[in-house]
Amino acid sequence: MSQSLFERLGGTEGIIAIVDDAVDAHMKNPHVSARFVPYLDTPEKLALVKQHSVEFFSEGSGGPAKYSGKDMVNAHKGMNISRDEYTHVVDDVMITLVNHKIDEVTQKDVLFILWSLKEMIIGQ
Ligand code: HEM
C-alpha cells in the first residue's frame, strides 16, 4: 500500500466532506439524533466539534493537522453513551465512506480505528 490512509480518504478536503456527511447522518439517525440535533442551535460549537473531528482523523491517518480537541474519554465524559449508540455512529460513518466511494481496504482501516476507540467512548 503506497498511499497513506490520509491520502486514501481524500486528504483534508475528503475528510472535511466525510465528517460533514457523517454528522448529517447522525442528525438523521433516530438512534443518536438526540445527541447531535441540539448543536444546530449553536453553529459555532458545531463547527468546532467538526473541526476537531477533521483534525482527529487527519492526524490519526498521517495527515498534517494537529488535533486540538479533548482526548476520547474526556470528549464523551458524562454522556453515558450506550453500545447501541456507538454501533449506530459507526454504521453512519461506514455508510458515509461507501457513499464517498472509499475503497474497501480503507473502509477496514477506518473500522479498525473506530473499534479500537470503542471502550474510551462507551459508558463514560
Ligand atoms: C465511533 C467513535 C467516535 C469517535 C472517533 C468520536 C470522536 C469525537 C471527536 C474527535 C470529538 C470532538 C471532541 C472535541 O471537540 O474536543 C467528539 C465529540 C462528540 N462526540 Fe464523538 N466520537 C465517537 C463516537 C461518538 C458516539 C457514539 C456519540 C454519541 C452517540 C458521540 C457524540 C459526541 C458528541 C455529542 C460530541 C460533542 C461533545 C462536545 O460538546 O464537546 N461520539 N467525538
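Each ligand, and each atom within it, is numbered from 1 in the order the structure gives.
Counted within 6.0 Å of NZ on K118, heavy atoms from surrounding residues, nucleotides or ligands total more than 12; the atom is thus considered enclosed.
Here the closest non-hydrogen pair linking V93 and L114 is CG1-CD1, 3.9 Å. The two residues D71 and V73 make their nearest non-hydrogen contact at OD1-N, 3.1 Å. When every heavy atom of I121 is checked against every heavy atom of I81, the shortest pair comes out as O-CB, 3.8 Å. Taking all atoms of both residues into account, the shortest heavy-atom contact from E85 to N80 is OE1-O, 4.2 Å. The two residues S58 and F6 have their closest heavy-atom pair at OG-CE1, 3.5 Å.
Closest heavy-atom approach to atom 34 (C) of ligand 1 within the set K118, M79, Q124: this belongs to M79. Heavy-atom proximity to atom 13 (C) of ligand 1, evaluated over Y67, W115, F57, F36, is greatest for Y67.
Checked by distance only, ligand 1 and H52 come closer than 3.5 Å through their nitrogen or oxygen atoms. Residue K45 places at least one N or O, backbone or side chain, under 3.5 Å from an N or O of ligand 1.
Remark: minimum distance from atom 37 (C) of ligand 1 to any protein heavy atom is reached at Y39 OH, 3.3 Å. Nearest to atom 1 (C) of ligand 1 among the protein's heavy atoms is Y86 CE1, 3.6 Å. The closest protein non-hydrogen atom to atom 5 (C) of ligand 1 is L117 CD1, 3.7 Å. The shortest contact between atom 16 (O) of ligand 1 and any protein heavy atom is with K70 N, 2.8 Å.
When each atom of ligand 1 is checked for a heavy atom of V32 under 4.0 Å away, the hits are 30 (C). Heavy-atom contacts of G69 reach the following atoms of ligand 1: 16 (O) (cutoff under 4.0 Å).
Applying the salt bridge (Lys or Arg N to Asp or Glu O under 4.0 Å) test to residues at least two apart or on different chains, the pairs with a partner in residues 9-26 are D20-K50.
No part of I113 comes within 4.0 Å of ligand 1, judged by heavy-atom distances.
From I16, atom CD1 reaches atom OG of S53 across 11.5 Å, with rounding to the nearest 0.5 Å.
Distances from atom 21 (Fe) of ligand 1 under 2.8 Å pick out these protein N/O/S atoms: H76 NE2.
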Take V105 and R8 through the side chain to side chain contact (heavy atoms under 4.5 Å, CB included) test and state the conclusion after the steps. CA-CA 10 Å; V105 172; R8 288 181 279 131; 4.2 Å; yes
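Between F56 and Y67, the ring planes lie perpendicular to each other; the angle is over 60°, past the 30° to 60° tilted range.
Under 4.0 Å is where a charged nitrogen must lie from a carboxylate oxygen, and between K66 and E59 at least one such pair does.
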